[in-house]
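A quick write-up on the structure given underneath.
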Number of protein chains: 2
Amino acid sequence: MQKTSYGQQSTRRILLVDDHSLLRAGMRALLDDMAGIAVIGESGDGLEALEFIRRDPPDAVLLDVSLPGMNGLEVARYLSQHYPDVRILILSMHSGAEYVARALNAGAQGYLLKDSAFDELAEALKALFAGREYLCAAIDRDVVERFLATGSDAISAAEVLTPRQRQILQLIAEGRGPREIADRLNVSVKTVEAHRAQLMDRLGIHNVPGLVRFAIRIGLVNTES
Amino acid sequence: MQKTSYGQQSTRRILLVDDHSLLRAGMRALLDDMAGIAVIGESGDGLEALEFIRRDPPDAVLLDVSLPGMNGLEVARYLSQHYPDVRILILSMHSGAEYVARALNAGAQGYLLKDSAFDELAEALKALFAGREYLCAAIDRDVVERFLATGSDAISAAEVLTPRQRQILQLIAEGRGPREIADRLNVSVKTVEAHRAQLMDRLGIHNVPGLVRFAIRIGLVNTES
DNA sequence: ATGAGGTATCGGGGATTCCCCGATATTAAA
DNA sequence: TTTAATATCGGGGAATCCCCGATACCTCAT
């Protein structure tokens with residue numbers, strides 16, 4: 001750290017990056033009412049945001065994940081590489097551990113959900129400017145830790161699962177019940193249930209429909225099948 | 001329900017419905033700065049929104065499409081049926097003609113994209129209160145007209161279901177159990193099970209994962225949700 | 001080599017859900 | 001007015017979900 005003086009400071013300069021102009025306007029209205037915060041610009045596009053930062057580096061960037069051209073995670077990766085002093089607060093709709101882990105891996109210091117409480121936004125900014133990380137309260141840190149530990153990076157959200165667990169997951173998503181799965185794999189129903197419980201823990205998903213949606217997302221099954 | 005009298009009026013009372021609390025806060029901040037507009041409430045849930053409206057009908061509802069429990073289009077359908085004086089402004093991320101057509105069919109008078117310009121929000125509200133329709137500038141009216149004329153067919157797979165059945169299906173696909181669904185709809189668990197059984201018969205799908213895949217296919221829920 | 005940790009295999013047991021049966025009230029259609 | 005469809009419930013048994021704990025194996029590091 002060099003001049004990273006995160007002590008008390010006049011005003012923190014923030015850049016808004018989100019592809020929804022209305023949402024940007026809303027966030028700007030919120031932040032403008034916050035003491036010690038100044039929104040110095042906004043962008044609806046990742047590349048444009050990078051240009052802006054090159055011209056005039058802000059203290060923090062409020063970054064949406066889904067952006068046209070260059071998505072938020074790529075932007076974060078670039079920033080943490082070339083502008084390590086710029087704090088990165090990710091704004092996402094997804095609470096899944098794999099998303100959070102990916103964001104942190106990309107260099108974000110904070111992760112907020114779009115349906116976080118307003119107070120959390122202020123909280124997150126305060127934490128970031130104090131040099132701390134901030135994860136939205138609705139997120140299970142332990143599960144995220146496990147994702148980070150295994151170094152899951154790309155699409156490999158499913159990489160954290162063992163082959164056996166993936167197999168069970170697929171069978172569940174295909175609509176097979178525990179009885180049928182047990183017979184097919186020549187194991188006890190109890191074993192199948194144990195696998196299901198373990199992979200649920202690991203993914204942070206605790207109901208069958210959630211598993212099905214996850215399995216579809218990672219391409220383990222499709223909606224026809 | 002009183003007269004429509006969309007002439008000159010003191011303040012227009014608006015209800016915000018969106019499942020992202022931060023976005024609601026932002027929109028509220030924006031609308032609060034608008035002359036003649038008062039946000040009288042917000043909700044992150046379709047059913048909750050309906051309750052609110054029953055207690056205290058607003059002049060307009062700013063409605064997100066994707067909502068947990070009961071999605072925005074169903075809410076719009078209900079409102080246009082039972083509260084025709086309540087103006088409906090849809091807020092969506094999708095600019096596709098089929099989405100717009102569906103919204104208009106459901107009874108919306110306005111359709112805004114989340115990346116619309118801020119001015120369009122004011123414009124849309126003004127139009128609605130003047131009794132006119134408003135479509136976001138980025139939308140091709142002609143294409144939408146064509147969809148409306150031909151009576152789009154892609155959705156017809158779900159048309160075989162009753163509104164109640166679609167609602168139950170959505171809740172199931174979101175991962176809510178019978179107990180939770182029953183509580184939310186103020187009916188018996190047995191009723192929920194009956195609906196599930198009936199819609200399963202009708203679709204020829206006899207397991208929950210299959211229902212989830214179907215719900216995703218017809219766009220009732222998505223893999224993130 | 002010994003112990004720690006992850007994986008795969010089971011069981012008990014209670015709460016919940018699933019899935020069959022039937023019943024009633026209301027409404028829409030024939 | 002009969003018929004059909006819809007929405008609402010209940011009984012009851014089978015299957016499941018979900019918590020607990022246990023054992024065996026394998027790897028890896030101390």
Side-chain angles (χ1 to χ4, degrees), chain A residues 97 140 142-152 156 158-215, chain B residues 47 50 69-70 74 77-78 81-82 156 158-215:
Chain A
D140 187 332
D142 294 341
V143 180
V144 175
E145 293 299 339
R146 225 165 309 157
F147 267 86
L148 286 174
T150 60
S152 74
S156 49
E159 303 290 326
V160 291
L161 298 182
T162 68
R164 196 56 150 176
Q165 287 169 345
R166 265 197 302 279
Q167 187 179 19
I168 302 275
L169 172 59
Q170 177 174 346
L171 288 164
I172 291 175
E174 285 172 356
R176 327 281 177 186
R179 167 88 272 145
E180 184 181 349
I181 297 177
D183 289 346
R184 187 179 292 227
L185 302 182
N186 288 313
V187 294
S188 155
V189 170
K190 281 301 188 181
T191 300
V192 175
E193 292 179 334
H195 283 305
R196 174 172 45 71
Q198 283 171 353
L199 72 90
M200 275 179 164
D201 286 353
R202 191 156 301 189
L203 297 175
I205 300 172
H206 296 286
N207 58 70
V208 172
L211 289 184
V212 178
R213 294 197 306 266
F214 177 81
Chain B
L47 281 174
L50 285 188
M70 184 186 224
E74 309 260 11
R77 209 167 278 124
Y78 180 91
Q81 201 76 22
H82 300 274
S156 58
E159 300 294 334
V160 292
L161 298 181
T162 68
R164 196 55 150 178
Q165 287 169 346
R166 268 196 304 275
Q167 187 180 17
I168 301 277
L169 173 58
Q170 177 178 347
L171 287 161
I172 291 174
E174 284 172 358
R176 328 280 177 184
R179 164 93 273 137
E180 185 181 350
I181 297 177
D183 290 345
R184 189 180 287 232
L185 301 183
N186 288 312
V187 294
S188 155
V189 170
K190 281 301 186 179
T191 300
V192 175
E193 291 179 335
H195 283 304
R196 174 173 45 69
Q198 283 170 354
L199 73 90
M200 275 180 163
D201 284 352
R202 190 157 303 187
L203 298 175
I205 299 171
H206 295 285
N207 59 70
V208 172
L211 289 184
V212 178
R213 294 198 307 269
F214 177 80

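Nothing here was measured: the structure is a model prediction, and the numbers come from that model. Protein chains get the first letters and strands the later ones, always in sequence-line order, with residue 1 at the start of each. Quick note: numbers below take in every heavy atom, side chains included, and nothing from hydrogens, waters or symmetry partners.
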field: Contacts of type side chain to side chain contact (heavy atoms under 4.5 Å, CB included), residue Arg202(B), not counting sequence neighbours
entry: Val160(B), Leu161(B), Thr162(B), Gln165(B)
message: I want to check one thing: is the phosphate of dG6(C), taken as OP1 and OP2, less than 4.0 Å away from some side-chain N or O of Thr162(A)?
response: no
What does the list of N/O pairs under 3.5 Å between the protein and nucleotides 17-26 of chain D look like, with a distance for each?
from    : atom 1 : to        : atom 2 : distance (Å)
dC18(D) : N4     : Lys190(A) : NZ     : 3.2
dC18(D) : N4     : Glu193(A) : OE1    : 3.0

field: Which residues share a salt bridge (Lys or Arg N to Asp or Glu O under 4.0 Å) with Arg196(A), sequence neighbours left out
entry: none
task: List for me each residue that meets side chain to side chain donor-acceptor pair (under 3.5 Å) alongside Asn207(A), sequence neighbours excluded, and say none if there are none.
output: none
- prompt: So, do Val212(B) and Val208(A) sit near enough that their side-chain heavy atoms are less than 4.5 Å apart?
  reply: no
- request: Please name all residues satisfying salt bridge (Lys or Arg N to Asp or Glu O under 4.0 Å) with Arg164(A), sequence neighbours left out, ordered by chain then number.
  value: none
task: Using atom CD of Gln167(A) as one end and atom P of dT9(C) as the other, report the distance to the nearest whole Å.
output: 9 Å
- prompt: Rounding to a whole Å, what distance do you find between His195(B):NE2 and dT6(D):C1'?
  reply: 8 Å
message: So Leu50(B) and His82(B), do their side chains get closer than 4.5 Å, heavy atoms only?
response: no
query: How long is the line joining CG of Leu185(B) and P of dC9(D), in whole Å?
result: 10 Å
Degree of bending in the helix from dG3(C)-dC28(D) to dA30(C)-dT1(D) once both end axes are built from five pairs, to 10°: 40°
Reported NZ-to-CD distance for the pair Lys190(B) and Glu193(B), which is rounded to 0.5 angstrom: 4.5 Å
statement: For Ile181(A), the side chain to side chain contact (heavy atoms under 4.5 Å, CB included) test, sequence neighbours excluded, returns Ile168(A), Leu171(A), Ile172(A), Arg176(A), Leu185(A), Val192(A)
task: Rounded off to whole Å, could you give me the CG-to-C1' distance for the Asp183(A) and dT16(D) pair?
output: 15 Å
field: 5' precedence on DNA chain D between Val189(B) and Glu180(A) (nearest-nucleotide basis)
entry: Val189(B)
- prompt: In whole angstrom, what separates Arg202(A)'s CZ from dA8(C)'s P?
  reply: 8 Å
- request: Using salt bridge (Lys or Arg N to Asp or Glu O under 4.0 Å) as the criterion, list what pairs up with Glu74(B), not counting sequence neighbours.
  value: Arg77(B), Arg166(B)
query: What integer distance in Å separates Arg179(A):CZ from dG13(D):C1'?
result: 17 Å
query: Ile181(A) has an atom CD1; how far is it from atom P of dA15(D), in whole Å?
result: 15 Å
query: Below 4.0 angstrom from OP1 or OP2 of dC9(D), is there any side-chain N or O of Thr191(B)?
result: yes
